[in-house]
Student: 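Please find one structure pasted underneath; my questions will follow.
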Amino acid sequence: MIRNNTWVGVAILAAALAGCSDDSGETGGTGGGGTGGSGGDESISAVAQAASETYAEIVYQSYVDTIELSEEMRDALSAYVDAPSDATLDAAKDAWLAAREPYLETEVYRFYDGPIDNPDDGPEGAMNAWPMDEAFVDYTRDDAAAGIINDIGQTIDAATLRGQNEAGGEENVSTGWHPIEFLLWGQDDTDPSNGLPGQRPFTDYVDGGTASNQGRRGEYLNLLSDLLLEDLNFLADSWAPGDDSNFRASFVGGDSETALEQMLTGLIVLSGFETAGERLQVALDNGDQEDEHSCFSDNTHRDMVQDVQGIQNVWLGEYEALDSGNSVSGTGVRDVVAALDPDLASAITTQIEDALADAEDLRPTPADDPFDILISIGNTEGNAKVQALIESLRAVESLLSDAFAGFGLTVPQPE
């Protein structure tokens with residue numbers, strides 16, 4: 001999984017664009033030069049400027065929606081810790097699942113050193129780092145005394161948890177969505193063939209109940225939601241309208257070609273390397289439920305659907321908000337590409353629709369097999385579903401790379 005590494009994203013883009021070259025060594029695509037210039041290029045620049053403004057509003061509104069549902073999750077977690085029961089645990093799980101939906105649509109805003117993953121203060125690694133070594137946080141099937149929770153010598157506070165995140169290795173994840181998921185569901189150590197997620201009992205939070213250090217576990221869980229909201233508010237502030245000093249102001253007020261390059265970079269890297277590669281191909285090749293993105297809750301199919309939905313949002317310039325009055329509809333990246341090559345824009349639109357349909361086909365109803373069964377070795381039909389999504393996303397990546405090359409955008413090289 002890519003985190004805080006511009007040049008990895010650059011290398012991926014360079015490789016994708018190399019595949020768009022013809023035998024003469026000239027870059028493929030129908031356009032010549034960048035979005036600036038004269039004549040038709042000036043028109044494309046105007047469309048790119050409008051697309052950057054729509055993009056900024058989509059980014060902001062999707063973070064606002066994630067905050068709203070994450071605040072509801074915080075309240076549900078607090079209610080669960082205060083009065084652990086099957087009912088309050090189920091409510092906390094439902095709140096986590098709900099808050100994940102809009103957040104997943106925001107992952108397309110990564111990979112160009114924007115607010116989410118810039119190397120100075122980008123919080124992506126503190127929010128959605130994965131995969132996670134469960135034993136870094138709490139007990140596991142193999143070690144009842146594992147983790148920060150069971151190390152009573154460690155103080156559970158914001159400084160400790162933030163300082164411990166990824167300390168000593170990327171899998172040492174102590175904050176964010178997946179530690180919350182783990183502390184609600186527990187390890188998914190059941191036989192994948194039974195289709196069940198993790199089965200952590202609510203008594204892990206009851207004094208004198210199962211496991212140890214129940215009070216510390218509840219304290220940790222509550223703190224995780226506070227830290228997540230702190231990071232989400234930082235992101236929303238970075239994209240808020242009306243602030244001349246934040247990232248949004250420089251993104252919209254800067255060069256339209258740079259904004260277009262950043263938007264396309266997020267689309268290309270999320271669709272190809274990150275989702276098709278890191279999250280799908282690796283899991284399919286290994287056939288191991290430990291490689292699925294939301295392995296504790298068995299919610300990986302929704303990760304896939306909402307990541308592709310985020311791609312479609314940016315491409316079309318549309319976002320369906322929690323409150324329909326806040327929904328966004330404007331100029332999208334599609335319109336910029338259509339100004340250069342209408343046929344290519346149409347092909348990309350269709351391919352993203354196909355990818356979204358393939359993602360939804362992973363688990364059309366709750367009764368269908370979860371992702372860990374689909375990737376199981378020997379599950380021919382399930383493997384084929386995952387492979388179909390991989391191929392759809394690779395096709396999206398390829399077509400978007402054609403657009404990137406068609407604009408004459410130059411992949412920067414490290415000095």
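The structure displayed is predicted, hence computed values, not measured ones.
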Student: Cut-off 3.5 Å, no hydrogens considered: what does the side-chain donor-acceptor table look like for residues 382-396, sequence neighbours left out?
Tutor:
from: Asn383; atom 1: ND2; to: Leu374; atom 2: O; distance (Å): 2.7
from: Asn383; atom 1: ND2; to: Ser376; atom 2: O; distance (Å): 3.2
from: Asn383; atom 1: ND2; to: Asn379; atom 2: O; distance (Å): 3.2
from: Lys385; atom 1: NZ; to: Asp361; atom 2: O; distance (Å): 3.1
from: Gln387; atom 1: NE2; to: Glu391; atom 2: OE2; distance (Å): 3.4
from: Ser392; atom 1: OG; to: Asp358; atom 2: OD2; distance (Å): 2.4
from: Ser392; atom 1: OG; to: Ala388; atom 2: O; distance (Å): 3.2
from: Arg394; atom 1: NH1; to: Gly272; atom 2: O; distance (Å): 3.4
from: Arg394; atom 1: NH1; to: Glu397; atom 2: OE1; distance (Å): 3.2

Student: Return the OG1 to CH2 distance between Thr349 and Trp315, rounded to the nearest 0.5 Å.
Tutor: 5.5 Å
Student: Cut-off 3.5 Å, side chains only: do Ser297 and Glu181 have a donor facing an acceptor?
Tutor: yes
Student: Classify the angle between the aromatic ring planes of Tyr55 and Trp239 as parallel (below 30°), tilted (30 to 60°) or perpendicular (above 60°).
Tutor: perpendicular
Student: What's the shortest heavy-atom distance between Ile44 and Ala339, and which atoms?
Tutor: CG1-CB, 3.9 Å
Student: For a side chain to side chain contact (heavy atoms under 4.5 Å, CB included) check, start with the C-alpha distance between Glu68 and Asp323, then their side-chain angles and the critical distance, and finish with the verdict.
Tutor: CA-CA 11 Å; Glu68 179 179 335; Asp323 179 343; over 6 Å; no
Student: Hey, does the side chain of Thr265 reach the backbone of Glu261 with a donor-acceptor pair shorter than 3.5 angstrom?
Tutor: yes
Student: State, yes or no, whether a side-chain contact exists between Met304 and Val308 at a heavy-atom distance under 4.5 Å.
Tutor: no
Student: Taking the side chain as everything from C-beta on, heavy atoms only, tell me whether Leu184 gets closer than 4.5 Å to Leu221.
Tutor: yes
Student: Any donor and acceptor pair, going by atom type alone, linking the side chain of Thr175 with main-chain N or O of Asn165 inside 3.5 Å?
Tutor: no
Student: Over all heavy atoms of both residues, which pair between Ala92 and Leu77 is shortest? Give the atoms and the distance, please.
Tutor: CB-CD2, 3.9 Å
Student: Does Trp130 use its side chain to pair, donor to acceptor, with the backbone of Glu292 at less than 3.5 Å?
Tutor: yes
Student: Rounded to the nearest 0.5 Å, how far does CD1 of Ile268 lie from CD of Glu274?
Tutor: 14.5 Å
Student: Look up atom CG in Asp188 and atom CD in Glu134, then write down how far apart they are to the nearest 0.5 Å.
Tutor: 9.5 Å
Student: Could you tell me whether the side chain of Asp372 reaches within less than 4.5 Å of the side chain of Cys295, counting heavy atoms only?
Tutor: no
Student: Taking all non-hydrogen atoms of both residues, which atom of Val336 and which atom of Ala48 are closest, and how far apart?
Tutor: CG2-CA, 3.8 Å
Student: Could you tell me whether the side chain of Arg216 and the main chain of Ile148 form a donor-acceptor pair under 3.5 Å?
Tutor: yes
Student: Spell out, as yes or no, whether a donor-acceptor pair under 3.5 Å connects the side chain of Asp117 to the backbone of Glu124.
Tutor: no
Student: Side chain of Gln214, backbone of Asp207: donor and acceptor closer than 3.5 Å?
Tutor: no
Student: For residues Glu107 and Thr275, determine if any side-chain heavy atom of one lies less than 4.5 Å from a side-chain heavy atom of the other.
Tutor: no
Student: Check Asp138 with Arg200, please: is the shortest side-chain N to carboxylate O separation under 4.0 Å?
Tutor: yes
Student: With the side chain counted from C-beta on, respond yes when His301 and Asp368 share a heavy-atom pair under 4.5 Å apart, and no when they do not.
Tutor: no
Student: Could you walk me through whether Gln312 and Glu353 pass the side chain to side chain contact (heavy atoms under 4.5 Å, CB included) check?
Tutor: CA-CA 8 Å; Gln312 187 178 66; Glu353 290 171 353; 3.8 Å; yes
Student: Using only atom types and a distance under 3.5 Å, with no angle test, would you say the side chain of Ser346 pairs donor to acceptor with the backbone of Pro342?
Tutor: no
Student: For the residue pair Asp204 and Thr210, confirm or rule out a side-chain donor-acceptor distance under 3.5 Å.
Tutor: yes
Student: Would you say the ring centers of Phe273 and Phe111 fall short of 6.0 Å from each other?
Tutor: no
Student: Quick one: closest heavy-atom pair of Ala129 and Val173, and the distance?
Tutor: CB-CG2, 3.7 Å
Student: Among Tyr63, Tyr103, Tyr319, find the one that has a ring-ring contact (aromatic ring centres under 6.0 Å, His included) with Tyr109.
Tutor: Tyr63
Student: Mind telling me whether Phe296 and Phe182 have parallel, tilted or perpendicular rings, with 30° and 60° as the class edges?
Tutor: tilted
Student: Do you know the tightest heavy-atom contact between Ser294 and Arg100?
Tutor: OG-NH2, 3.8 Å
Student: Say you draw a straight line from CG of Leu270 to CD of Glu278; how long is it, rounded to the nearest 0.5 Å?
Tutor: 12.0 Å
Student: Side chain to side chain contact (heavy atoms under 4.5 Å, CB included) between Asn118 and Phe247: does it pass, once the steps are laid out?
Tutor: CA-CA 11 Å; Asn118 76 78; Phe247 184 87; over 6 Å; no
Student: Does Trp177 offer a backbone N or O that forms a donor-acceptor pair with the side chain of Trp96 under 3.5 Å?
Tutor: yes
Student: Checking Thr54 side chain against Thr331 main chain: does a donor-acceptor pair fall under 3.5 Å?
Tutor: yes
Student: Between Ile156 and Tyr220, which heavy-atom pair has the shortest distance, and what is it?
Tutor: CG2-CA, 3.9 Å
Student: With sequence neighbours left out, write down each residue that passes side chain to side chain donor-acceptor pair (under 3.5 Å) with Asn213, or none if nothing qualifies.
Tutor: Asn150
Student: Output the distance between atom CG (Leu223) and atom CG (Leu228), rounded to the nearest 0.5 Å.
Tutor: 11.0 Å
Student: Could you measure the distance from the CG atom of Asn222 to the CZ atom of Arg74? Nearest 0.5 Å is fine.
Tutor: 10.0 Å
Student: Examine distances only and state if a side-chain atom of Asp157 and a backbone atom of Thr160 form a donor-acceptor pair shorter than 3.5 Å.
Tutor: yes
Student: Got Tyr139 and Arg217 here, is their nearest side-chain heavy-atom distance under 4.5 Å?
Tutor: yes
Student: Is the closest side-chain heavy-atom distance between Val59 and Thr106 below 4.5 Å?
Tutor: no
Student: Could you tabulate the donor-acceptor pairs under 3.5 Å formed by side-chain atoms of residues 82-91, not counting sequence neighbours?
Tutor:
from: Ser85; atom 1: OG; to: Ala87; atom 2: N; distance (Å): 3.3
from: Ser85; atom 1: OG; to: Thr88; atom 2: N; distance (Å): 3.1
from: Ser85; atom 1: OG; to: Thr88; atom 2: OG1; distance (Å): 3.1
from: Thr88; atom 1: OG1; to: Ala83; atom 2: O; distance (Å): 2.9
from: Thr88; atom 1: OG1; to: Ser85; atom 2: N; distance (Å): 2.9
from: Thr88; atom 1: OG1; to: Ser85; atom 2: O; distance (Å): 3.2

Student: Testing Val64, Asp237, Ile67 for side-chain contact (heavy atoms from CB on, under 4.5 Å) with Leu232, which one passes?
Tutor: Ile67
Student: For Glu320, does the CD atom have more than 12 heavy-atom neighbours from other residues, nucleotides or ligands under 6.0 Å away?
Tutor: no
Student: Taking the side chain as every heavy atom from C-beta outward, state whether Arg162 and Asp231 have any pair of such atoms under 4.5 Å apart.
Tutor: yes
Student: Assess the residue pair Arg363 and Phe371 against the criterion (side chain to side chain contact (heavy atoms under 4.5 Å, CB included)); give the C-alpha distance rounded to whole Å, side-chain angles, the decisive distance to 0.1 Å, and a yes or no.
Tutor: CA-CA 8 Å; Arg363 196 174 192 183; Phe371 188 80; over 6 Å; no
